[in-house]
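Below you'll find the structure, written out as structure tokens, and then a few comments.
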Amino acid sequence: MKLRLFPVLAAALAALSLAPAAHAQRAARPVELLNVSYDPTRELYTDFNRAFAAHWKKETGQDVRIRQSHGGSGSQARAIIDGLAADVATLALAFDVDVLHSRGQLIPADWQSRLPHNSSPYTSTIVFVVRKGNPKGIKDWPDIVKPGVAVVTPNPKTSGGARWNYLAAYAYGLKANNDDHEAAKKFVGDVYRNVPVLDPAARGATTTFAQRGIGDVFLAWDNEAFLALREFPNEGLEIVVPSISILAEPPVTVVDKNVDKKGSRKVAEAYLKFLYTEEGQDIIGKHFYRPAVSEAAKAKYASQFPAITLVTIDEVFGGWAKAQPEHFGDGGVFDQIYRR
Amino acid sequence: MAAIVSRLERASTRAAPRRATADSPALKWTLLTLALGFLLVFLVLPLVAVFAEALRRGVGAYLEAFQDPDTFAAIRLTLIVAASVVPLNLLFGVAAAWAIAKYEFKGKALLTTFIDLPFAVSPVIAGLIYVLIFSAHGWFPPEAQQVLFKPFAAASGWLASQPGFLWLDPLAYWFEQPKIIFHTTGIVFATIFVTFPFVARELIPLMQAQGKDEEYAAVTLGASGWQTFRRVTLPNVKWGLFYGVILCNARAMGEFGAVAVVSGKIRGETTTMPLHIEILYNEYLFVSAFAVASLLALLALVTLVLKSAIEWAHSRRHA
């Protein structure tokens, strides 16, 4: 006797798919959060996650495990849109978070007003790192376009820090040429002519400069600059503060669609709010980011940051929504000057 | 490396009787020095450097590197991926080689070409293909996967709720909320893509050279298909099969590019050993990075030793 297996199986499967799913008792898993962040925040969030897990345990008695993922800010945004199940996104600039709304429909349009200080718990800026004794005599922006000076900066298409680097150079170009945009473009073009290699993300650029010894000047987040000095004490690297730089505001957000699906909204929101507490701000300062809200943390870490004239993206470039397509979009200013 | 040295030795002993009539000793020694020098500079030194760097701060620091739960998770994931990929590619390789070597059919040349595709295509593209298909905005997004797998979720969920079948629960959970991209499943898929030629490539020429005569004889004598395969075909291709499996395994553990694209780089969850090494290196944890690298290199060395052993056993059988 031969049973006709296929129809029997198909019928069984069909019957089962109608029945309510019966589950084995699943052990309650500890809450898990995935923080998808940009490249240089690795150490910051490793430290911060530990503090938050302790805080959350004390508040609610619940264990929380926070997973981290790091990469170029633009590529990380892309991954979240492609389905990387981030509960919170902590990226290098507002535009990369904006695309989570505009291209992914993952967060509401008004995401940036949900947390204090434009949802940026800290600020940062761009400085120069040079080799021991500053052999090329680099003091300000004009020095890095001189022939024979190799500049290390990552690729603005994928890296957030690289876009701040570019905008800082452009802002200087405008200031030095009475707001003449053509002259500013030419200046930025000259900077990129001196770039031997474009790494995909900020940390890669740091290792290119500090570990592999490529380049004379490294355009870096100031937190990356301090970290490079601390991690390579024998290299004698030096920080040079240019006459003008840009105020970078890396924002954070809960990824609404993901937390609602996972049921992790409460802990995800608490996680981001913790960044604004005294404890959170102190950890931020300890890792060389500039605390944005806590006066105590600002005062405590003020001495480690050099005084520097900062312009904002809003006043010089009309905000990210305008600057991103104009400068970094396909065929934008960066493409024009990098091809030239 | 042992294999290459032994091959060189074999080559030199074979060349010996011809020495008087053909190549001058000077040429022989120049070539030998060149080959060994090249080997030393490009293979041995980097390998030594990996171990030297890993042990720079002593054995204690070296072992400490493996205490990190993320490192442990990376090793585990790498082993899981290899353990899933190798049997699947073994199955596919044998089936494909059998079909190509023993049957005549239309499109045979095309199939042979397709098997070589992963060698020709960059691993990054292999990864991107899966992103294109399975990502949230892909052709077969998670919502569609959920609908398709619903019957399986129900069936496996029911089965897992029966006494003694609790171990099926992860499978039921996966069917319920299918995750492919940025998940172990996607890493396994991408690794299958880059490693699938290895077994088939080893077997096809071997099976073709052996022809069908022995199988015909077996069938004539009344053997069933499975008996023919197990008693006649398999012993003939055994060594090629081992060799293919070993190469496939080595590549599955070491693949970087394709895995990097589909991984999402979630530490402790979707980072395999090669990805984890890069992360550690980029975090200035050089000792840890090289410690994990040395483990990966050790796995490769074991593979190589196994390969040489098989070659040796094989050559003895045919000597």
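Residue numbering restarts at 1 for every chain, and letters A, B, ... go by the order of the sequence lines. Treat the numbers as computed from the prediction; the structure is a model and nothing was measured.
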Are a donor atom and an acceptor atom from the side chains of [X] and [Y] found within less than 3.5 Å of each other?
X         : Y         : result
Ser124(A) : Trp164(A) : no
Ser37(A)  : Gln68(A)  : no
Asn35(A)  : Tyr271(A) : yes

Please look at [X] and chain B and tell me whether the side chain, the backbone, both or neither of the residue comes under 4.5 angstrom of a heavy atom of that chain.
X        : answer
Glu32(A) : side chain
Leu34(A) : side chain
Ile81(A) : both

*Hey, which of Pro141(B), Gly264(B), Ser135(B) has the most heavy atom pairs under 4.5 Å with chain A?*
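Winner by heavy-atom pair count: Ser135(B).
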Using heavy-atom distances under 4.5 Å, tell me whether [X] contacts chain A through its side chain, its backbone, both, or neither.
X         : result
Phe286(B) : side chain
Ile181(B) : side chain
Leu159(B) : neither

_Salt-bridge contact Glu278(B)-Arg203(A) (side-chain N to carboxylate O under 4.0 Å)_ =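 Between Arg203(A) and Glu278(B) there is no salt bridge, as every charged N stays at least 4.0 Å from the carboxylate O atoms.
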*For the pair Phe92(B) and Phe196(B), name the ring-plane relationship: parallel under 30°, tilted 30 to 60°, perpendicular over 60°.*
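Judged by the thresholds at 30° and 60°, the geometry between Phe92(B) and Phe196(B) is perpendicular.
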*Taking the side chain from Asp169(B) and the backbone from Ala160(B), do they hold a donor-acceptor pair closer than 3.5 Å?*
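No: the side chain of Asp169(B) does not pair with the backbone of Ala160(B).
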